[in-house]
Amino acid sequence: MKLKLPVVKEYPPNIEAVRSRFPIHGDVVFSYGGKLYNPGGGHVDEHLMAHEVRHAEQQKEIGTELWWQRYIEDDSFRYSQEVEAYSAQYRSFCDANKDRNERARFLAALAREMAQPLYGFDGVTASMARASIASSK
């Protein structure tokens with residue numbers, strides 16, 4: 001059975017703190033306190049849910065408030081947390097897709113997404129992100 005979070009169609013309680021650090025736009029979703037906040041109401045596929053479930057597990061390990069504080073303020077912490085979450089997302093995709101070309105395309109897409117300015121990883125290229133995601137698999 002795949003783990004799922006309850007989905008709430010609104011912003012998380014800490015949205016102002018998140019917006020103060022990140023350029024939030026589009027269909028961004030947030031894991032907060034064991035719930036998936038999906039303000040745009042867009043489709044959340046199984047692979048994205050796996051990503052957000054991993055964030056929920058990370059938050060449970062140290063506490064939601066502390067996790068979000070560190071995520072917002074500490075680039076290296078945020079990077080480590082996203083590598084784990086993107087790796088979970090990639091594993092979920094691979095479990096459902098055996099075609100290695102599809103897997104390679106999906107991994108490349110995840111790496112490009114992780115290297116976007118949204119996360120604020122200065123100097124992290126898609127190639128670096130791809131290597132981190134794949135090695136954490």
Does the Glu52 side chain pair with the main chain of Leu5, one donor and one acceptor, at a distance under 3.5 Å?
no
Ile24 vs Leu118 side-chain heavy atoms within contact, under 4.5 Å
yes
Would you confirm whether Ser31, through its side chain, and Leu36, through its main-chain N or O, come within 3.5 Å as a donor-acceptor pair?
no
Chi angles and distances behind the ring-ring contact (aromatic ring centres under 6.0 Å, His included) call for Tyr119, Phe121:
CA-CA 6 Å; Tyr119 290 111; Phe121 300 136; 5.5 Å; yes
Sequence neighbours excluded, every pair satisfying salt bridge (charged side-chain N to carboxylate O under 4.0 Å, His left out) that has a member inside residues 105-129
none
Would you indicate whether the side-chain heavy atoms of Val53 and Met49 approach each other to under 4.5 Å?
yes
So, do His43 and Asp45 sit near enough that their side-chain heavy atoms are less than 4.5 Å apart?
yes
For Ala88, is there any backbone N or O sitting under 3.5 Å from a side-chain donor or acceptor partner on Ser92?
no
Euclidean distance, Arg103 CZ relative to Lys98 NZ, rounded to 0.5 Å
5.0 Å
Partners meeting salt bridge (Lys or Arg N to Asp or Glu O under 4.0 Å) with Arg19 (sequence neighbours left out)
Glu16
From CA spacing to verdict: salt bridge (Lys or Arg N to Asp or Glu O under 4.0 Å), Arg54, Glu57:
CA-CA 5 Å; Arg54 182 62 197 129; Glu57 293 166 347; 3.0 Å; yes
Val8 vs Tyr32, side-chain contact (heavy atoms from CB on, under 4.5 Å): CA-CA, chis, key distance, verdict
CA-CA 10 Å; Val8 179; Tyr32 185 95; over 6 Å; no
Can you confirm whether Val124 sits close enough to Met114 that some side-chain heavy atom of one is under 4.5 Å from a side-chain heavy atom of the other?
no
What distance separates Glu82 CD from Ser136 OG, expressed to the nearest 0.5 Å?
12.0 Å
Atom CH2 of Trp68 and atom CZ of Arg78: how far apart are they, to the nearest 0.5 Å?
10.0 Å
Counting N and O atoms only, with roles assigned by atom type, does the side chain of Asp99 sit under 3.5 Å from a partner on the main chain of Glu102, one being a donor and the other an acceptor?
yes
According to ring-ring contact (aromatic ring centres under 6.0 Å, His included), who are the partners of Phe106, at least two apart in sequence or on a separate chain?
His47, Phe93
